[in-house]
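Note sheet for the following structure.
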Number of protein chains: 2
Amino acid sequence: MARKQGSHSEITGPKVRQAALQLFARFGYAAVSMRQIAGEVGVQAGALYNYTADKQSLLFDLMREHMEALLAARKEAVIAGDALAQLEAFTRFHIAYHLERPELVFISYMELRNLEPENFAAIERLRKAYEDELETILQRGAHAGVFVLGDTKIATLALIAMLTGVSGWYRKDGRLPASEVADQYWDLVRKSVGVVG
Amino acid sequence: MARKQGSHSEITGPKVRQAALQLFARFGYAAVSMRQIAGEVGVQAGALYNYTADKQSLLFDLMREHMEALLAARKEAVIAGDALAQLEAFTRFHIAYHLERPELVFISYMELRNLEPENFAAIERLRKAYEDELETILQRGAHAGVFVLGDTKIATLALIAMLTGVSGWYRKDGRLPASEVADQYWDLVRKSVGVVG
DNA sequence: GATTGCGCTGAACGGCTGTTCAATTAAGCT
DNA sequence: AGCTTAATTGAACAGCCGTTCAGCGCAATC
């Protein structure tokens, strides 16, 4: 036996990435075997190596593509305006983007330690670039007197952690719609930088 | 060969837990083998089973003891006073406690998915109890008109995520001392619940 | 100084790991 | 219809996994 009816590279490839994403998110990279991924796709383990160099690349490519897509989407979402408007845009963008891709968000900060050193460095660089987007807004707002902030770096890390945390508990069929969640987080963010409603 | 000079249960037991904690925190539960833990302790893998029923119990016991110690310490740190004072006490307690135990904090929310269902449920119950401490303060403050809050549940989750995030980047030899970090976080928390400085 | 038993070794168990590759099949092209 | 080639199988590789256990050596007790 070999090639099955109607099977193609353009079909199996995405299925492999999707299966890896789902399984890594649910059980963790180290706990998932190539045979498990293959089983989910419907092929034997050996066939996976037509689509990835090795298991590590499967994880790294998912994370890298996620971070690059995040940065590209953020670029599109940048708006003109004062620091407060930009902060609101960043907050709403971050929450919306993260709520739509819970598995990618999850593995991208949960599986960092399973990356080989050079891969880890590459992801960290992308992550830093994203954090800098927020830090720049906070710095500009503080400098302009729009925000009241102590240490800008701590505020950046604290707000990123708060906003990213949303994907840890939000459920699509939960109590509140995504838009209401975004409103609530924006309310907290706005006040935390010293802007009264 | 067998028992070595000067080795005792009271010495090896804690060493096993400590080695497991360090290795789980660094590489993740699934990526660490019993032989690795044994190597760190200085014994053969079989000897570990004098101190734990199995690998899962090693993880679960670390997490359960951490959560129970956290709840016990929190109990000691509760103060009388209005909601604002209580929120400040909670914030400072949380940061101080988490900065002192980075590995335990890390594995306790990173390795949740590696717990067997009943163990997961037990840890989640303890985590919920801790979250409720904060939610109660927020509810009381909002009811008393001290805090200006939208959805209390979201605020609870958002603030917990923000505060716990501190252990993700804080380094003892970093730019700022722990007390200064706590001050900065308290400033953000206070403002986010609508209390102006 | 003999005896007891704790703490540990080292080997073994069955099973799973990531990865490679010759063989095989089917799809697409001429 | 024949040919080429992409896609997959299934077996094999060496090695590691968690866990068990008979046996051994040392410390403490009598």
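Letters go in sequence order (proteins before strands), and every chain restarts at 1. Just so it is clear, the structure is predicted and the values come from calculations on it, not from any experiment.
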All N/O contacts under 3.5 Å from nucleotides 18-22 of chain D to the protein, with atom names and distances to one decimal?
unit_1 : atom_1 : unit_2  : atom_2 : d
D/dG18 : OP1    : B/Val32 : O      : 3.4
D/dG18 : OP1    : B/Met34 : N      : 3.4
D/dG18 : OP1    : B/Lys55 : NZ     : 3.1
D/dG18 : OP2    : B/Met34 : N      : 2.8
D/dG18 : N7     : B/Arg35 : NH1    : 2.8
D/dG18 : O6     : B/Arg35 : NH2    : 3.0
D/dT19 : OP2    : B/Tyr49 : OH     : 2.6
D/dT19 : OP2    : B/Lys55 : N      : 2.9
D/dT19 : O5'    : B/Tyr49 : OH     : 3.2
D/dT19 : O4     : B/Arg35 : NH2    : 3.3

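- In this structure, the CD atom of A/Gln44 is 16 Å from the C1' atom of C/dA22, given to the nearest Å.
- Regarding contacts with the backbone of D/dA7, every side-chain N or O of A/Thr12 stays at 4.0 angstrom or more from both OP1 and OP2.
- For the salt bridge (Lys or Arg N to Asp or Glu O under 4.0 Å) condition, no pair includes a residue of residues 8-18 of chain B, sequence neighbours left out.
- Note: CD1 (A/Ile11) to P (C/dA27) measures 12 Å, nearest angstrom.
- The separation between B/Asn50 atom CG and D/dG25 atom P is 18 Å, rounded to whole Å.
- Legend: salt bridge (Lys or Arg N to Asp or Glu O under 4.0 Å) pairs involving residues 53-62 of chain B, not counting sequence neighbours, sorted by first then second residue: B/Asp61-B/Arg64.
- A/Arg140 and A/Asp82 are not joined by a salt bridge, as no carboxylate oxygen comes within less than 4.0 angstrom of a charged side-chain nitrogen.
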Got a list of side-chain donor-acceptor pairs under 3.5 Å for residues 36-47 of chain A, not counting sequence neighbours?
unit_1  : atom_1 : unit_2  : atom_2 : d
A/Gln36 : OE1    : A/Ser33 : N      : 3.2

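- Sequence neighbours left out, the pairs with a member in residues 29-74 of chain A that pass ring pair (Phe, Tyr, Trp, His ring centres under 6.0 Å) are A/Phe24-A/Tyr29.
- The distance from atom CG of A/Leu48 to atom C1' of D/dG10 is 14 Å, rounded to the nearest whole Å.
- In this structure, the CD atom of A/Gln36 is 13 Å from the C1' atom of C/dG18, given to the nearest Å.
- With sequence neighbours left out, A/Arg113 forms a salt bridge (charged side-chain N to carboxylate O under 4.0 Å, His left out) with B/Glu111.
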